[in-house]
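Because only heavy atoms are used, hydrogens play no part in the values below, and waters and symmetry mates are left out as well, while side chains stay in. Chain letters run A, B, ... following the sequence lines, proteins first, then strands; residues in each count from 1.
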Amino acid sequence: MRYHRVKGTKDLLPEEASTWRWFETEIRQILELYGYQEIRTPVFENTELFIRSIGETTDIVEKEMYTFKDKGGRSLTLRPEGTAPVMRALIENNLKTPIRLYYYGGMYRRERPQKGRLREFFQIGIEYVGNPSPFADREVIEIGHRIVTHFKIDCQLLINSIGCPDCRRPYYSRLNTFLEKHRDDLCPDCRRRIIKNPMRFFDCKEERCQPFKREAPKIIEHLCSACSEHYHKLKGYLEKSAIPYTEHPGLARGLDYYTRTVFEFVVPELGGQNTIIGGGRYDLLIELFGGNPTPAVGFALGIDRTLLLIKKRIEPPRPIFIAQIGGLYQEARSLQLELHGKGKTVILGDPEMSLKKQLRQADRLNCGWAIMIGSEELKKGKYILRDMVSGEQREYTGKEIIARLT
RNA sequence: GUGGGCGUAGCUCAACUGGUAGAGCGCUUGACUGUGGCUCAAGUCGUUGGGGGUUCAAGUCCCCUCGCUCACCCCA
């Protein structure tokens, strides 16, 4: 075995590929029902785009991006996520808002692979751009809910608000003060988080950190009145939609551009990587990219991860096989073309091979029917049609065969 | 970046406390020169991931390395 796939990548073999195709089609249908339109952007962008949007000090930017210089010396990066490129495209092409967009594609992050986490992974994401109202947040969450319900995925919706910079900054210093005060009683991980990622403290599984979670200040208790109102209205809408949710005070996103609403759909049984949908509102991103200030909200769904939960086998249709005895290729081919015209999958046997070998191939290809073209029957203008399941066979004319198989 | 588990035939897996590598499936051929599957017969199957060490002897023990996998960190 000379070459191996690169770490953290995956080959989708035909069977799995057809499951993927089915899944993508179902999701697209749902998204289009809600008025979302597909947008496709390049897999790489100028590096700066991701640094600015995701945030200089995030793990993604600091150590996970596939960044390279092209021959012209430009720094390019394989997209680690989908929102920033879509917003770039929206501004660059002057798309009118409000607009509902969705994207599908591979994303790239150089992390240690594990269950549900690959270096090349696929996401379907939606972005509802141009509506500041909590009603828009509700729509996006509802679509997420619709998807997990559609696929009968048993999961939990977690929501939180991380406010706007005005309320987040004072809250962070409050939380910091609190954590700093208890520094010595916290686990080493949390001590590190104080500076870098204080919100993650709420996710800590260490026994010793648990008691502090109740006492620690929660961001939703420290939102400014506008952010607070937004959050409460959203919860009201979710209740009216009968979408169950759990408030999670530590829920934050890994990307800097989020404001106010953040949410995740999590599936505990998945193990370490259990978020199948993650999203939120990002009202400041477009402005940051130099567009007119435009609010937006969206989510991304991890396909690889989600498909771990969906074990569906798509049965491919059985092909029709045409075996030739004694090189009657032209008859075989014209029959093949005629059946193609009826939308049938038809595989030609190789006349260089014995009939036995051809039929063995037909069997391995899981063919439902085999047509045998031999000189004796051809004298009568007929071919043999063999039912590969029952093993029964009879002679028919070409017309009769086509009528029987279509 | 850190930690755990695992690497034996194309695939799934055996090989007691070290004793010179095996089974099933698959694949090829034949019984059936114009008939697949089922059966039977024969054949094909390995630098035991790689390198080094201990030993009379290493798949087995030790060290290094590579790969896979799970978890942490973090994230979809």
Less than 3.5 Å apart, which donor and acceptor atoms pair up between the side chains of residues 346-360 of chain A and the rest of the protein, not counting sequence neighbours?
from, atom 1, to, atom 2, distance (Å)
Asp350(A), OD1, Glu352(A), N, 2.8
Ser354(A), OG, Lys357(A), N, 3.1
Gln358(A), OE1, Gln324(A), N, 3.0
Gln358(A), NE2, Gln324(A), O, 2.8
Gln358(A), NE2, Asp350(A), O, 3.4
Gln358(A), NE2, Met353(A), O, 3.0

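Among the protein residues, Lys356(A) comes within range of the nucleic acid bases, having at least one heavy atom under 4.0 Å from a base atom. Across all strands shown, Lys357(A) has heavy atoms under 4.0 Å from sugar-phosphate atoms exclusively, and none from any base.
In this structure, Phe151(A) has its ring center under 6.0 Å from that of Trp22(A). Aromatic pair Tyr383(A)/Tyr396(A): centroids not less than 6.0 angstrom apart.
Side-chain nitrogen and oxygen atoms of Arg109(A) include none within less than 4.0 Å of the OP1 or OP2 phosphate oxygen of C74(B). Listed pair Arg364(A) / C27(B) meets the phosphate criterion, a side-chain N or O lying under 4.0 Å from OP1 or OP2. An OP1 or OP2 oxygen of U29(B) is reached within less than 4.0 angstrom by a side-chain nitrogen or oxygen of Arg360(A). Residue Lys7(A) places at least one side-chain N or O under 4.0 Å from the OP1 or OP2 atom of C68(B).
Between Lys10(A) and Asp304(A) there is no salt bridge, since none of the side-chain N atoms of the basic residue sits less than 4.0 Å from a carboxylate O of the acidic one. A salt bridge does not link Lys218(A) with Glu221(A): every distance from a Lys NZ or Arg NE/NH1/NH2 to an Asp or Glu carboxylate oxygen is 4.0 Å or more.
To the nearest angstrom, P of C72(B) lies 12 Å from NZ of Lys115(A). Atoms CD (Glu81(A)) and P (C74(B)) sit 19 Å apart, rounded to a whole Å. Summarising the geometry, the separation between CD on Gln273(A) and P on A71(B) is reported as 7 Å, rounded to the nearest angstrom. Atom CZ in Phe263(A) sits about 12 Å away from atom C1' in A76(B), given to the nearest Å. For the pair Leu385(A) CG and G34(B) P, the interatomic distance rounds to 21 Å; values are reported in whole Å. The separation between Arg117(A) atom CZ and C68(B) atom P is 15 Å, rounded to whole Å.
Looking at residues 373-380 of chain A, you'll see Ser375(A), Glu376(A), Glu377(A) sit with a heavy atom under 4.0 Å from some atom of RNA chain B.
Considering only side-chain atoms of Arg112(A), the nucleotide from U29(B), U2(B), C75(B) that sits closest is U2(B). The side chain of Glu111(A) sits closest to C74(B) out of G67(B), C74(B), G36(B).
Nucleotides U20(B) and U48(B) are separated by 13 Å at their C1' atoms, to the nearest Å. With both ends at atom P, the span from C62(B) to G24(B) equals 33 Å, rounded to whole Å. Across the P atoms, U69(B) and G26(B) are found 28 Å apart, a figure rounded to whole Å. Across the P atoms, G18(B) and A23(B) are found 25 Å apart, a figure rounded to whole Å. Taking the P atoms as reference points, C32(B) lies 14 Å from G37(B), given to the whole Å. The gap from the P atom of C64(B) to that of C27(B) amounts to 43 Å, rounded to the nearest Å. Here the separation of C6(B) from C16(B), taken at their P atoms, is 15 Å to the nearest Å. U33(B) and A21(B): their P atoms are spaced 41 Å apart (whole Å).
Using a 3.5 Å distance cut-off with no hydrogens or angles, the side chains of Gln156(A) and Thr246(A) do pair a donor with an acceptor.
What you find for Tyr231(A) and Asn160(A) is that their closest heavy atoms are CE1-C, 3.8 Å. The two residues Ser241(A) and Glu142(A) come nearest to each other via the heavy atoms OG-OE1, 4.4 Å.
The neighbour count for Phe23(A) CZ, taken as heavy atoms of other residues, nucleotides or ligands under 6.0 Å away, is above 12.
In this structure, Arg191(A) contributes its side chain and Leu186(A) its backbone to a donor-acceptor pair below 3.5 Å.
For a distance-only test at 3.5 Å, the side chain of Asp363(A) qualifies as a donor-acceptor partner of the base of G36(B). No donor-acceptor contact under 3.5 Å links the side chain of Gln358(A) to the base of U35(B). Checked by distance alone, Arg200(A) brings no side-chain donor or acceptor within 3.5 Å of a matching partner on the base of C75(B).
Figure legend: cation-pi geometry between Arg88(A) and Phe289(A) absent, as NZ or CZ is not positioned both under 6.0 Å from the six-membered ring centre and within 45° of its axis.
Place Arg192(A) and Asp304(A) on RNA chain B by their nearest nucleotides, and Arg192(A) ends up nearer the 5' end. For Gln114(A) and Asp203(A), each mapped to the nucleotide of RNA chain B holding its nearest heavy atom, the one lying further toward the 5' end belongs to Gln114(A).
Helical stems in RNA chain B, defined as runs of 3 or more consecutive Watson-Crick or G-U wobble pairs with donor-acceptor distances under 3.5 Å: B:1-7 with B:66-72, B:10-13 with B:22-25, B:26-31 with B:39-44, B:49-53 with B:61-65.
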